[in-house]
Amino acid sequence: MINVFIACGAGASSTFLAMKLRSLSQSQALNLNFFPAAITSVQAKENDLVLVASHISQDVNVAALSKAGVPVIFLPERVNGGFKAEEALELIVGYLNRQKN
């Protein structure tokens, strides 16, 4: 099971995205856990994955996660709240497939 943290500024929009991603990943039988969080509260480890909302991509906490070896995926602006969750899932699956090879 892979933990995927969805980081935004305060944790609200990430909650909507997490709900949509849970539904999508279950329908595809993907082994993923989703955790919405404000960027300041993300407690990810190297084997976790962090999705970062576009409006906080330059936050110092994002840089700290990357420096600690935590994989970070930057979401495009159009992925916001529950909108375009399919694109977010494609980014996750693409990343995981690249790690297998």
So which heavy atom on A37 is nearest to which on V42, and how close?
CB-CG2, 3.9 Å
Verdict with supporting geometry, N97 and K100, side-chain contact (heavy atoms from CB on, under 4.5 Å)
CA-CA 5 Å; N97 286 336; K100 289 179 184 177; 4.1 Å; yes
Report yes or no: does S41 contribute a side-chain atom to a donor-acceptor pair with the main-chain N or O of A38 at less than 3.5 Å?
yes
Does atom CD of Q99 have more than 12 heavy-atom neighbours, drawn from other residues, nucleotides or ligands, at distances under 6.0 Å?
yes
Assigning hydrophobic clusters by single linkage (Ile, Leu, Val, Met, Phe, Trp, Tyr; side-chain heavy-atom cutoff under 4.5 Å), is V72 placed with Y95?
no
Kindly compute the distance separating OG (S23) from CZ (F34), expressed to the nearest 0.5 Å.
10.5 Å
So with a 6.0 Å cut-off around CZ of F16, is the heavy-atom count from everything else above 12?
no
Verify the cluster assignment for L32 and F5: are they in a single hydrophobic cluster under the rule of side-chain heavy atoms below 4.5 Å apart?
no
Tell me whether F74 shares a hydrophobic cluster with I39, the cluster being built from Ile, Leu, Val, Met, Phe, Trp, Tyr side chains joined at under 4.5 Å.
yes
Does the side-chain contact (heavy atoms from CB on, under 4.5 Å) test come out yes or no for L21 and V4, once each step is laid out?
CA-CA 10 Å; L21 286 170; V4 180; 5.7 Å; no
Mind checking who shares a hydrophobic cluster with F83, ILVMFWY linked at side-chain heavy-atom distances under 4.5 Å?
none
The reported gap from CD in Q43 to CG in N3 (rounded to nearest 0.5 angstrom) is 12.5 Å
Out of curiosity, E90 CD to K84 NZ, how far, rounded to the nearest 0.5 Å?
10.5 Å
Nearest-0.5 Å distance that lies between atom CD in Q28 and atom CD in E86:
9.5 Å
For K45, is there any backbone N or O sitting under 3.5 Å from a side-chain donor or acceptor partner on D48?
yes
In this structure, CD1 of I73 is separated from CG of L51 (nearest 0.5 Å) by 5.5 Å
Report the C-alpha distance between I2 and I92 in whole Å, list the side-chain angles of each, state the deciding distance to 0.1 Å, and finish with yes or no for side-chain contact (heavy atoms from CB on, under 4.5 Å).
CA-CA 11 Å; I2 296 173; I92 295 167; over 6 Å; no
Does Q58, at its CD atom, have more than 12 non-hydrogen atoms belonging to other residues, nucleotides or ligands within less than 6.0 Å?
no
Are L75 and L49 joined in one hydrophobic group, where the rule is that I, L, V, M, F, W and Y side chains link up if heavy atoms are under 4.5 Å apart?
yes
Under a single-linkage definition using a 4.5 Å side-chain heavy-atom cutoff for Ile, Leu, Val, Met, Phe, Trp and Tyr, are L24 and M19 assigned to the same hydrophobic cluster?
no
Going from CG on N31 to CD on Q26, what distance comes out if it is rounded to the nearest 0.5 angstrom?
11.0 Å
